[in-house]
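Below is one structure, written out as structure tokens; comments come after it.
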Amino acid sequence: MDTLEELIGASAWAAGLSAAQLARVRADMVARQFPAGAHVCRRGEPAESWLGVIDGLLKLSSDSPDGRTVTFAGVPAGAWFGEGSLLKAEARRYDVIALRESRVALMPRATFAWLLDASIAFNRFLLVQLNERLGQFIGLVEHRLLTPEGRIARSLATLFNAQLYPGVGPSFRLSQEEIGYLSGVSRQRANQALRVLEQAGLLRLEYGGVTVMDVEGLRRYEG
DNA sequence: TCATTAAATTGTT
DNA sequence: AACAATTTAATGA
């Protein structure tokens, strides 16, 4: 995607809005560009907006006290996130970092709150979104118990969640280094594990990307 | 269109 | 972490 307008057009929640509602949403939102490695949000910051990814790839992560980085989720283009902190009026619970150069759309909290009151379609969208995320986080609990193959399979399966990330097709531009960041393994180990998964017929590796052949297989993979 | 070069990514230790 | 090999993208003749 190239523009804020395109992102809105591709978003399920926008389809249910009236022309007038859409007009206000468009007027209130802004887009910002972040270079690779930059913080989009910092943990502990007050959450002032709902975020959508126009282009690029973000990760939601947190640094534990002992210095280890735990990644909760990768967020590809077309996805929206951050509703949890807005709904509870609390500080951001995680860091948001651009894994590659990315463009992000920001909806001010006031607009978000207004949509919540004004649109049933918007509420429905958030309900599904929150439910899908709950599923993701339940899966996260056992993430550390899995082999590197299992972790990567799990991370990819969540990234190819059609409900949360409608912009992600079967083949996706994603380097092995990025897969490593999302899965919590080194690039070297990611490279090794990815080829095991390819041998198992679950995905196909290409230069600079992957094609997922069997999402369910990845989700169920136990290594 | 082809050749050259730089940058990105992968494969391996 | 470092290094070599491979692929892609960009450039200019």
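Atoms considered below: every heavy atom in the structure, side chains included; atoms not considered: hydrogens, waters and symmetry mates. To find a chain, count down the sequence lines: A is the first, B the second, and so on, and within it residues start at 1.
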Point to revise | Phosphate contact (dT12(B) OP1 or OP2) by Arg195(A) side-chain N/O below 4.0 Å | key: yes
Check your understanding: Do Arg173(A) and Glu206(A) sit within salt-bridge range, that is, some charged N less than 4.0 Å from a carboxylate O?
Key -> no
Exercise for review: Please name all residues satisfying side-chain contact (heavy atoms from CB on, under 4.5 Å) with Arg220(A), sequence neighbours left out, ordered by chain then number.
Suggested key: Glu216(A)
Review point. Distance check: side-chain N/O of Gln176(A) vs OP1/OP2 of dG11(B), anything under 4.0 Å?
Key: yes
Review point. For dG11(B), does either OP1 or OP2 sit under 4.0 Å from a side-chain N or O belonging to Asn191(A)?
Key: yes
**Study point:** Residues that Phe112(A) engages under ring-ring contact (aromatic ring centres under 6.0 Å, His included), provided they are two or more places apart
**Key:** Trp50(A), Phe122(A)
Point to revise | Aromatic ring pairing Tyr94(A)/Phe81(A), orientation class (parallel under 30°, perpendicular over 60°, tilted between) | key: tilted
Review point. So, is Arg173(A) near the phosphate of dT9(B), with a side-chain N or O under 4.0 Å from OP1 or OP2?
Key: yes
Exercise for review: Sugar-phosphate means primed atoms, P, OP1 and OP2; the rest is base. With that split, encode nucleotides 4-11 of chain C 5' to 3' as B, S or - using protein heavy atoms under 4.0 Å.
Suggested key: ---BS---
Exercise for review: Locate the shortest heavy-atom distance separating Asp63(A) from Arg43(A); write the atom from each residue and the value.
Suggested key: O-NH1, 3.5 Å
Check your understanding: Are Leu202(A) and Phe160(A) linked, directly or through other ILVMFWY residues, by side chains that come within less than 4.5 angstrom of each other?
Key -> yes
Review point. How close or far is atom P of dT9(B) from atom CG of Leu99(A), stated in whole angstroms?
Key: 12 Å
Review point. If you look at every strand shown and take non-hydrogen atoms under 4.0 Å, does Arg100(A) touch a base, only sugar-phosphate, or nothing?
Key: nothing
